[in-house]
**Student:** 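Just passing along the structure, written as structure tokens.
As the structure is a prediction and not an experimental result, all values here were calculated from the model.
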Amino acid sequence: MPEPKRCDFGVIGGHAAVLYTMQNAAGLSVSVTNLGATVTRLLVPDRRGQRADVVLGCDSAPEYLAQRAYFGATVGRVANRIDRARFELSGNRYALYPSDPPHHLHGGRLGWDKALWVTRFVEERSIRFEYVSSDKEEGYPGTVRAAVTYELGEELNLRVLMTATTDALTLVNMAHHGYWNLAGHDSGSVLDHELTLFASRYTPGLPIPTGEVASVRATPLDFTVSKEIGRDLPPAGYDSNFVVDGPAEVLRPVAYLRDTRSGRSLTLSANQPGVQFYSGNFLDGTIAGKGTTYARHAGLCLETQCFPNAVNVPAWRQQVLLAPAETYQHCMLMQFSAA
Ligand code: GLA
């Protein structure tokens with residue numbers, strides 16, 4: 001069986017990072033690297049068949065290591081924030097690294113996005129990365145075995161499956177941190193993209209949710225009907241967790257994103273309780289991307305995941321606990337079209 005195409009992607013701590021590219025007959029092409037199990041490039045045709053790279057990213061593994069935007073990466077062990085970098089489990093107190101002081105963000109100082117994963121080929125259009133996160137890594141208890149599989153479908157579909165098991169009770173909340181710009185990663189702002197979120201509620205409180213759940217109705221966060229992102233944009237931009245409608249563990253629509261100029265759209269489905277919609281507010285033109293620099297709102301993230309700080313909110317805590325003999329399973333489906 002032919003394997004995906006591979007090329008060197010630079011050296012990290014004496015180990016080679018590799019870039020793999022898979023393509024299908026419908027014209028969808030995805031490049032992924034073992035550094036952070038990251039999607040670096042995603043070529044999608046527009047309504048005239050013209051392809052553009054619709055994800056922000058960097059040109060080499062060392063450049064990925066040097067930035068903290070989490071471009072296209074697999075974020076873990078726990079994505080999003082943990083209040084004041086602290087939690088309790090089985091009567092023990094744990095202190096994590098405050099990567100977004102005073103809070104813990106996206107797994108800590110060297111989260112899973114900065115790790116070199118082991119590559120396993122599944123087949124021509126499917127690739128699996130594996131990573132063993134040792135006990136006490138970044139302060140978390142338990143050894144966790146994580147895996148991410150990227151699988152191109154027959155049509156304009158990309159499936160992402162994230163799994164994890166543990167040898168001791170711990171926390172797991174993996175997220176894919178892709179930045180979308182359906183007009184092309186180097187085309188400027190996404191504020192004219194139209195977004196629908198299948199979420200009628202959100203978790204108020206910035207940056208740490210208060211623990212309440214509130215309706216999005218009559219707030220700028222109401223994307224239940226398709227809306228231009230720039231229309232009600234708060235001064236700080238969007239960076240909130242939405243409660244995805246429907247049963248939390250079932251694969252269901254999360255978001256529909258459309259660029260009217262190219263006609264490209266993305267329907268994102270997942271089996272997670274929440275989605276963090278982040279409008280690229282911290283991009284400030286200083287990060288060298290793929291032959292360009294990314295200014296504010298050059299891309300947006302739709303991070304399907306458990307709720308932020310869930311471990312410290314009794315009603316949400318169960319979402320992020322993983323016990324031995326259980327398997328964490330996070331499934332995402334990205335369906336593109338151009339019309
Ligand atoms: C998430 C967070 C944001 C920010 C980005 C990365 O979306 O919620 O606050 O940290 O990741 O910059």
**Student:** Could you measure the distance from the CE atom of M334 to the OG atom of S269? Nearest 0.5 Å is fine.
**Tutor:**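 Taking CE in M334 and OG in S269, the distance rounds to 10.5 Å.
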**Student:** Please test S90 against N92 for side-chain hydrogen bond (donor to acceptor under 3.5 Å, both in side chains), starting from the C-alpha separation and ending with a verdict.
**Tutor:** CA-CA 6 Å; S90 310; N92 297 316; 5.7 Å; no
**Student:** Whether E130 and R120 form a salt bridge (side-chain N of Lys/Arg under 4.0 Å from carboxylate O of Asp/Glu) is what I want to check.
**Tutor:**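 Yes.
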**Student:** Are H185 and Y179 linked by a side-chain donor-acceptor pair shorter than 3.5 Å?
**Tutor:**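 Note: H185 and Y179 side chains miss the donor-acceptor criterion.
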**Student:** Flag the pair F121 / P4 as yes when at least one side-chain heavy-atom distance between them is below 4.5 Å, and no otherwise.
**Tutor:**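 Yes. Closest side-chain heavy atoms under 4.5 Å.
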**Student:** Same cluster or not: are M174 and V254 linked, directly or through other Ile, Leu, Val, Met, Phe, Trp or Tyr residues, by side-chain heavy atoms under 4.5 angstrom apart?
**Tutor:**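 In one cluster with M174: V254, yes.
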**Student:** With side chains defined as the heavy atoms from C-beta onward, is the minimum distance between S29 and T21 less than 4.5 Å?
**Tutor:**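 S29 vs T21: side chains touch.
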**Student:** Any idea which heavy atoms bring G237 and H297 closest together, and the distance?
**Tutor:**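 In terms of heavy atoms, the two residues are closest at CA-CE1, 4.5 Å.
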**Student:** For D245 and S200, test the side chains for any donor-to-acceptor distance below 3.5 angstrom and give the result as yes or no.
**Tutor:**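 Checked: D245/S200 side chains pair up, N/O donor to acceptor below 3.5 Å.
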**Student:** Are L283 and N281 close enough that some pair of their side-chain heavy atoms sits under 4.5 Å apart?
**Tutor:**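 No. Closest side-chain heavy atoms not under 4.5 Å.
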**Student:** Below 4.5 Å, heavy atoms only, C-beta onward: do L28 and F336 meet side chain to side chain?
**Tutor:**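 In contact.
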**Student:** Parallel under 30°, tilted from 30 to 60°, perpendicular over 60°: which one fits the rings of F129 and Y20?
**Tutor:**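 Geometry flag for Y20 against F129: tilted rings.
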**Student:** Can the ring centroids of Y70 and H106 be said to lie less than 6.0 angstrom from one another?
**Tutor:**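 Aromatic pair counts; centres sit under 6.0 Å.
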**Student:** State, without any angle test, whether S262 and D259 hold a side-chain donor-acceptor pair at a distance under 3.5 Å.
**Tutor:**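 Short answer, yes.
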**Student:** Parallel, tilted or perpendicular, judged at 30° and 60°: which one describes the rings of Y131 and W117?
**Tutor:**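 Ring orientation, 0 to 90° scale: tilted.
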**Student:** Ignoring hydrogens and angles, state whether a donor on the side chain of T165 or R145 is under 3.5 Å from an acceptor on the partner side chain.
**Tutor:**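 Note: T165 and R145 side chains miss the donor-acceptor criterion.
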**Student:** Is E151 paired with R128 through a side-chain N to carboxylate O contact shorter than 4.0 Å?
**Tutor:**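 No.
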**Student:** Out of the candidates T203, V275, T219, L221, only one should pair with S240 under the side chain to side chain contact (heavy atoms under 4.5 Å, CB included) rule; please name it.
**Tutor:**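 Only one of T203, V275, T219, L221 forms a side chain to side chain contact (heavy atoms under 4.5 Å, CB included) with S240, namely L221.
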**Student:** So Y64 and T38, do their side chains get closer than 4.5 Å, heavy atoms only?
**Tutor:**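 When only atoms from C-beta onward are counted, Y64 and T38 do touch, with a gap below 4.5 Å.
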**Student:** Do any N or O atoms from the side chain of H193 and from the backbone of R258 form a donor-acceptor pair under 3.5 angstrom?
**Tutor:**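 Answer holds: no.
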**Student:** Examine L42 and I127 and state if one hydrophobic cluster contains both, with Ile, Leu, Val, Met, Phe, Trp and Tyr joined whenever side-chain heavy atoms are less than 4.5 Å apart.
**Tutor:**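 Shared cluster, yes.
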**Student:** Less than 4.5 Å apart, any side-chain heavy atom of L96 and any of I82?
**Tutor:**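 Heavy-atom side-chain distance check passes, below 4.5 Å.
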**Student:** Side chains of H330 and T304: is there a donor and an acceptor less than 3.5 Å apart?
**Tutor:**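 Present: a donor and an acceptor within the cut-off.
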**Student:** Considering non-hydrogen atoms only, spot the tightest contact between H176 and V39 and give its length.
**Tutor:**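 That would be CE1-CG2, 3.7 Å.
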**Student:** Any non-hydrogen side-chain atom of R6 less than 4.5 Å from a side-chain atom of L19?
**Tutor:**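 No, their side chains stay 4.5 Å or more apart.
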**Student:** So, R51 side chain and P45 main chain: donor-acceptor pair closer than 3.5 Å or not?
**Tutor:**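 Side chain of R51 to backbone of P45, a donor-acceptor pair under 3.5 Å: no, none is there.
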**Student:** Between V243 and F307, is there a side-chain heavy-atom distance shorter than 4.5 Å?
**Tutor:**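 Counting from C-beta outward, F307 and V243 do come under 4.5 Å.
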**Student:** Using a 6.0 Å cut-off, check whether atom CD of E154 has over 12 heavy atoms from anything other than its own residue.
**Tutor:**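 Open: at most 12 neighbouring heavy atoms sit under 6.0 Å from CD of E154.
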**Student:** What about the rings of F223 and Y238, do their centers lie closer together than 6.0 Å?
**Tutor:**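 Yes, the ring of F223 comes within the 6.0 Å limit of the ring of Y238, centre to centre.
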**Student:** Could you verify whether a donor N or O on one side chain and an acceptor N or O on the other, from D113 and T74, lie under 3.5 Å apart?
**Tutor:**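 Per modelled atom types, D113 and T74 side chains form no pair under 3.5 Å.
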**Student:** Please check if atom CZ in R201 has more than 12 non-hydrogen atoms from other residues, nucleotides or ligands closer than 6.0 Å.
**Tutor:**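 Open: at most 12 neighbouring heavy atoms sit under 6.0 Å from CZ of R201.
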**Student:** Measuring centre to centre across the rings, with the benzene-like ring taken for any Trp, is F198 within less than 6.0 Å of F242?
**Tutor:**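 No, ring centres 6.0 Å or more apart.
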**Student:** If you measure only the distance, is there a donor-acceptor pair under 3.5 Å linking the side chains of D135 and T143?
**Tutor:**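 Result is no, nothing qualifies.
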**Student:** State whether the number of non-hydrogen atoms from other residues, nucleotides or ligands found under 6.0 Å of E155 atom CD is greater than 12.
**Tutor:**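 Counting other residues, nucleotides and ligands, CD of E155 stays at 12 neighbours or fewer.
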**Student:** Where do E138 and Y97 come nearest, in terms of heavy atoms and distance?
**Tutor:**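 Heavy atoms only, the tightest pair is OE1-CB, 3.9 Å.
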**Student:** T33 vs V18, test: side chain to side chain contact (heavy atoms under 4.5 Å, CB included). Steps then yes/no.
**Tutor:** CA-CA 6 Å; T33 176; V18 181; 5.7 Å; no
**Student:** Under a 3.5 Å distance rule, please check whether R217 uses its side chain to pair with a backbone N or O of S215 as donor and acceptor.
**Tutor:**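 No; zero donor-acceptor contacts below 3.5 Å.
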**Student:** Determine, stepwise, if the pair Y150 / S126 fulfils side chain to side chain contact (heavy atoms under 4.5 Å, CB included).
**Tutor:** CA-CA 6 Å; Y150 292 107; S126 170; over 6 Å; no
**Student:** Can you confirm whether more than 12 heavy atoms, excluding those of E249, are under 6.0 Å from its CD atom?
**Tutor:**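 Counting other residues, nucleotides and ligands, CD of E249 stays at 12 neighbours or fewer.
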**Student:** Can a donor-acceptor pair be found, under 3.5 Å and without considering hydrogens, that links the side chain of D46 to the backbone of G49?
**Tutor:**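 Flag set: sc D46 to bb G49 pair under 3.5 Å.
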**Student:** Short question: side chain of R109, backbone of S99 - any donor-acceptor pair under 3.5 Å?
**Tutor:**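 Pair absent, no side-chain N/O of R109 close to backbone of S99.
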**Student:** Please give me the minimum heavy-atom distance between L302 and A255, naming the atom from each residue.
**Tutor:**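 Looking at all heavy atoms of both residues, the shortest contact is CD1-CB, 3.9 Å.
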**Student:** Does one hydrophobic cluster hold both I229 and W180, with members joined at side-chain heavy-atom distances below 4.5 Å?
**Tutor:**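 Same hydrophobic cluster.
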**Student:** Any ion pair linking D284 and R296 (charged N to carboxylate O, less than 4.0 Å)?
**Tutor:**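 Between D284 and R296 there is no salt bridge, as every charged N stays at least 4.0 Å from the carboxylate O atoms.
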**Student:** Carefully, step by step, assess Y140 and S133 under the rule side chain to side chain contact (heavy atoms under 4.5 Å, CB included).
**Tutor:** CA-CA 9 Å; Y140 293 106; S133 168; over 6 Å; no
**Student:** For a quick check under 3.5 Å, do N80 and Q305 share a side-chain donor-acceptor pair by atom type?
**Tutor:**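 Yes, Q305 and N80 have a side-chain donor paired with an acceptor closer than 3.5 Å.
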**Student:** Is it the case that more than 12 heavy atoms not belonging to D8 sit under 6.0 Å from its CG atom?
**Tutor:**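 Not buried by this count: 12 neighbours or fewer within 6.0 Å.
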**Student:** Does one side chain, of T210 or E212, offer a donor that lies under 3.5 Å from an acceptor on the other?
**Tutor:**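 Side-chain D/A pair, T210 to E212: present.
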**Student:** Side chains of Q276 and D239: is there a donor and an acceptor less than 3.5 Å apart?
**Tutor:**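 Side-chain D/A pair, Q276 to D239: present.
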**Student:** Does one hydrophobic cluster hold both F87 and V172, with members joined at side-chain heavy-atom distances below 4.5 Å?
**Tutor:**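 Each belongs to a different hydrophobic cluster.
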**Student:** Does K227 form a salt bridge (charged side-chain N to carboxylate O under 4.0 Å, His left out) with D222? I'd like the steps, not just the answer.
**Tutor:** CA-CA 9 Å; K227 180 169 82 172; D222 191 347; over 6 Å; no
**Student:** How long is the straight-line distance from CG of L152 back to CG of L158, given to the nearest 0.5 Å?
**Tutor:**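 So the CG of L158 and the CG of L152 are separated by 6.0 Å.
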**Student:** Write down the atom of L169, the atom of P324, and the distance for their closest heavy-atom approach.
**Tutor:**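 Closest approach of L169 to P324, heavy atoms only: N-CD, 3.8 Å.
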**Student:** Applying side-chain hydrogen bond (donor to acceptor under 3.5 Å, both in side chains) between K290 and each of D53, D59, D186, report the one that passes.
**Tutor:**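 Of D53, D59, D186, side-chain hydrogen bond (donor to acceptor under 3.5 Å, both in side chains) with K290 is met by D53 alone.
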**Student:** Parallel, tilted or perpendicular: which fits the ring planes of F282 and Y278, with parallel below 30° and perpendicular above 60°?
**Tutor:**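 Rings of F282 and Y278: tilted, as their planes differ by 30° to 60°.
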**Student:** Can you give me the closest heavy-atom contact between V216 and A199, atom names plus distance?
**Tutor:**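 Looking at all heavy atoms of both residues, the shortest contact is CG2-O, 3.9 Å.
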**Student:** To the nearest 0.5 Å, how far apart are CG in N271 and CE in M162?
**Tutor:**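 Interatomic distance, N271 CG to M162 CE, rounded to 0.5 Å: 9.0 Å.
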**Student:** Side-chain heavy atoms nearer than 4.5 Å, only ILVMFWY residues, links allowed to pass through others: does that put I208 and V320 together?
**Tutor:**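 The answer is no; the residues belong to distinct hydrophobic clusters.
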**Student:** Yes or no on side chain to side chain contact (heavy atoms under 4.5 Å, CB included) for N181 and L56, after CA distance, side-chain angles and deciding distance?
**Tutor:** CA-CA 7 Å; N181 187 326; L56 276 53; 4.2 Å; yes
